[in-house]
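Everything below concerns the one structure shown next.
Just so you know, ligand 1 is whichever comes first in the structure, and atom 1 is the first atom listed for that ligand. All values below come from the heavy atoms of this structure, side chains included, with hydrogens, waters and symmetry mates left out.
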Amino acid sequence: MAYRVLGRAGPPQPRRARRLLFAFTLSLSCTYLCYSLLCCCDDLGRSRPLGAPRCLRGPGAGGQKLLQKSHPCGPPGPTPSAPPAAAPAPRLSAANHSGAQKLGTKRLPQALIVGVKKGGTRAVLEFIRVHPDVRALGTEPHFFDRNYGRGLDWYRSLMPRTLESQITLEKTPSYFVTQDAPRRIFNMSRDTKLIVVVRDPVTRAISDYTQTLSKKPDIPTFEVLTFRNRTQGLVDASWGAIRIGLYALHLQSWLRYFPLAQIHFVSGERLIVDPAGEMGRVQDFLGVRRFLTDKHFYFNKTKGFPCLRKTESSLLPRCLGKSKGRTHVQIDPEVIDQLREFYRPYNIKFYETVGQDFRWE
Ligand SMILES: Nc1ncnc2c1ncn2[C@@H]1O[C@H](COP(=O)(O)OS(=O)(=O)O)[C@@H](OP(=O)(O)O)[C@H]1O
C-alpha cells in the first residue's frame, strides 16, 4: 500500500536510494557551508553587538563609517566604531579575539576607557583586545551618557562573553566629560578601573574640529569658533572642542567617586612613539600579564602610525582606519599660541593632580 502512494513504479532500487541520499547530503552540506561563510564574514568584518540589527551597507559605506560615526540603522544604541581598513593594511579589528569567543558569560565591564575624545582611545582598545585575557566591545555603547535609561541588563547584553579569568572592557570617550558618568559608574561597581587617554588639548581640539569638518564642511573656521572675542583674546570655553581639553576640571568630578590610583592615564603622544611601553603600563594597571610587547608593533610608514604586526593567527598587519590619523586643518599659528596660553594653567593643574608631566608646551 505504502509503495503505491510513494511511487507507482514500485519500491525504489537500493542504488537509486543511495544516490538520492548522497545528493541530499551534498546539497545540505553546501547550504551549511554558504551559511557559515556568510556569518563568518560578518563577524570578521566588523563588530556587531548581539541583538543589534544587521544593516545593509551601501557601496563605500565601510570607508565612510568612521567619518560619520553614526550607525546607519539608527540610534539610540551603541555607536559602531570598529575602524575600516587603512589601505593597504586590513582593518584592525579583523583578527582580534573579542568577536570570536563563544564560551563564557556576558559580564558588566570591570574596566572602561572613559576618554578623551580624539586622545587615541581606539588605538588603546584595539591594542589591548589582542591580549588573551581581555575581551572588549568593539562599538561604543554610550551607556553612561546616552543610554543609561536602558538599564544594566541591556548594557550587559552588549558585552562579549568572558571566562572568569578574562577582563571585560568597553570604551566610550564621551564619558570623561559627562557629569553623571562617575556616579553612574561608581553605582555599577566602585572597583571599576578607569583608563583615560590624554593628548595635548590644542592638538586634540584641532583633531576634533577636523573630524567635525569632514562631516559638516560648512561650519565656521576653527579660528572663528575658538573665540568669544578674538581681539580681546577671549577663548570660548563653552565650545565642545575647547571644553573637552580642560582635563583638570573634568577630573575633579571623577575624583569625587574614585581614588586616583583607580584611574590610569595614557599619554596619547607616547602611545604613538612607544606603543609597547604605554601598553605595558596599561596591562600592569589592568593586572594582566605583559603579553603585548615590542614584537606586536611596527611603524607603518604609509600610515604614519604604529600598527599591529601580523601574527600566526592573522597573517596580515593591522592598522587603524582612515579616520584615525587624519591630516589636520591648518590653523593660524597665532591662534595656536593663544590656545597654548589658555590651556597652560589647566595643564599645570592637571599634571599636579595626576603626578605626571605630559609636556604639552
Ligand atoms: N596607532 C595609531 N593609529 C592611528 N591613530 C592613532 C594611533 N595611535 C594614536 N592615534 C591617534 O588616535 C587619534 C584618534 O583618537 P580616538 O581613537 O580617541 O578618536 S575617537 O574619539 O574615538 O573618535 C588620532 O587622531 P588624529 O591624528 O587627529 O586623527 C591619532 O592621532
Side-chain angles (χ1 to χ4, degrees), residues 47 64-71 78-87 89-93 96 112-130 136-142 145 169-178 195-215 222 240-241 243-245 247 250 265-279 282 292 294 296-309 317-331 358 360:
S47 300
Q64 301 233 319
K65 198 149 60 75
L66 266 182
L67 291 176
Q68 289 162 358
K69 230 181 151 205
S70 65
H71 200 291
T79 312
S81 52
R91 79 178 72 201
L92 218 165
S93 59
N96 65 54
L112 297 171
I113 300 173
V114 295
V116 301
K117 186 183 176 195
K118 305 317 290 177
T121 55
R122 174 55 61 184
V124 172
L125 185 95
E126 296 300 338
F127 294 163
I128 196 64
R129 71 194 302 203
V130 168
L137 182 62
T139 52
E140 292 176 9
H142 284 275
D145 52 352
L169 179 77
E170 70 107 328
K171 82 120 179 159
T172 305
S174 48
Y175 291 162
F176 191 62
V177 296
T178 300
I195 296 173
V196 192
V197 191
V198 286
R199 180 183 189 184
D200 178 344
V202 180
T203 339
R204 198 221 66 80
I206 299 170
S207 170
D208 202 342
Y209 174 79
T210 305
Q211 173 169 282
T212 311
L213 192 70
S214 72
K215 294 185 251 180
F222 181 88
R243 193 176 52 87
I244 293 173
Y247 304 144
H250 304 299
F265 297 91
V266 174
S267 156
E269 286 81 14
R270 283 199 304 258
L271 183 66
I272 295 167
V273 294
D274 179 19
E278 276 307 305
M279 293 313 293
V282 170
L292 275 165
D294 272 337
H296 286 88
F297 301 98
Y298 77 102
F299 190 82
N300 184 307
K301 283 192 192 136
T302 322
K303 174 85 182 155
F305 282 89
C307 300
L308 282 169
R309 243 181 234 294
R318 289 160 289 158
C319 294
L320 292 190
K322 283 182 190 145
S323 66
K324 306 292 174 183
R326 288 190 181 105
T327 307
H328 290 176
V329 261
Q330 286 287 318
I331 305 297
F358 289 89
W360 299 316

*May I ask you to list the atoms of ligand 1 that are less than 4.0 angstrom from any heavy atom of His328?*
26 (P), 27 (O), 28 (O)
_Best match, Arg199, Glu269, Glu140, Arg326: closest heavy atom to atom 25 (O) of ligand 1_ = Arg199
*Examine Gly120 against ligand 1 and note whether any of their N/O atoms are separated by less than 3.5 Å.*
yes
_Could you go through Lys118 and Thr210, starting from their C-alpha distance and side-chain angles, then the distance that decides it, and tell me whether this counts as side-chain contact (heavy atoms from CB on, under 4.5 Å)?_
CA-CA 10 Å; Lys118 305 317 290 177; Thr210 305; over 6 Å; no
*Looking at Lys171, which atoms of ligand 1 are within less than 4.0 Å of one of its heavy atoms?*
22 (O)
*Locate the shortest heavy-atom distance separating Arg326 from Ser214; write the atom from each residue and the value.*
NH2-OG, 3.7 Å
_Please report the interatomic distance CZ(Phe176) to NZ(Lys117), rounded to the nearest 0.5 Å._
15.0 Å
*Audit row: Lys171, Glu140, salt bridge (charged side-chain N to carboxylate O under 4.0 Å, His left out) steps and yes/no*: CA-CA 6 Å; Lys171 82 120 179 159; Glu140 292 176 9; 2.8 Å; yes
*What about Pro306: any of its N or O atoms under 3.5 Å from an N or O on ligand 1?*
yes
*Under-4.0 Å heavy-atom contact with ligand 1, by part of Thr121 that carries it*: both
_Below a 4.0 angstrom heavy-atom separation, can you tell me which part of Phe127, side chain or backbone, both or neither, approaches ligand 1?_
side chain
*List every atom of ligand 1 that sits less than 4.0 Å from any heavy atom of Gln211, numbering the atoms from 1 in the order shown and giving each element.*
23 (O)
*Any N or O of Ala123 that comes nearer than 3.5 Å to an N or O of ligand 1?*
no
*Just jot down the ligand 1 atoms closer than 4.0 angstrom to any heavy atom of Ser207, in number order.*
25 (O), 26 (P), 28 (O)
*Step by step, work out the side-chain contact (heavy atoms from CB on, under 4.5 Å) result for Lys215 and Thr212.*
CA-CA 5 Å; Lys215 294 185 251 180; Thr212 311; 5.6 Å; no
*Answer yes or no: does an N/O atom from Lys324 fall short of 3.5 Å to an N/O atom of ligand 1?*
yes
*Given Phe222 and Ile206, is the side-chain contact (heavy atoms from CB on, under 4.5 Å) satisfied, shown in steps?*
CA-CA 8 Å; Phe222 181 88; Ile206 299 170; 3.8 Å; yes
*Taking N or O atoms only and a 3.5 Å limit, does Pro173 qualify as a polar contact for ligand 1?*
no
*Kindly compute the distance separating CZ (Arg199) from OG1 (Thr121), expressed to the nearest 0.5 Å.*
10.5 Å
*Taking the side chain as C-beta and beyond, is there a heavy-atom pair between Thr203 and His328 under 4.5 Å?*
yes
*Can you name the nearest heavy-atom pair linking Thr178 to Asp145, along with the distance?*
OG1-CB, 3.6 Å
*Quick one: which ligand 1 atoms are inside 4.0 Å of a heavy atom on Ile272?*
8 (N), 9 (C)
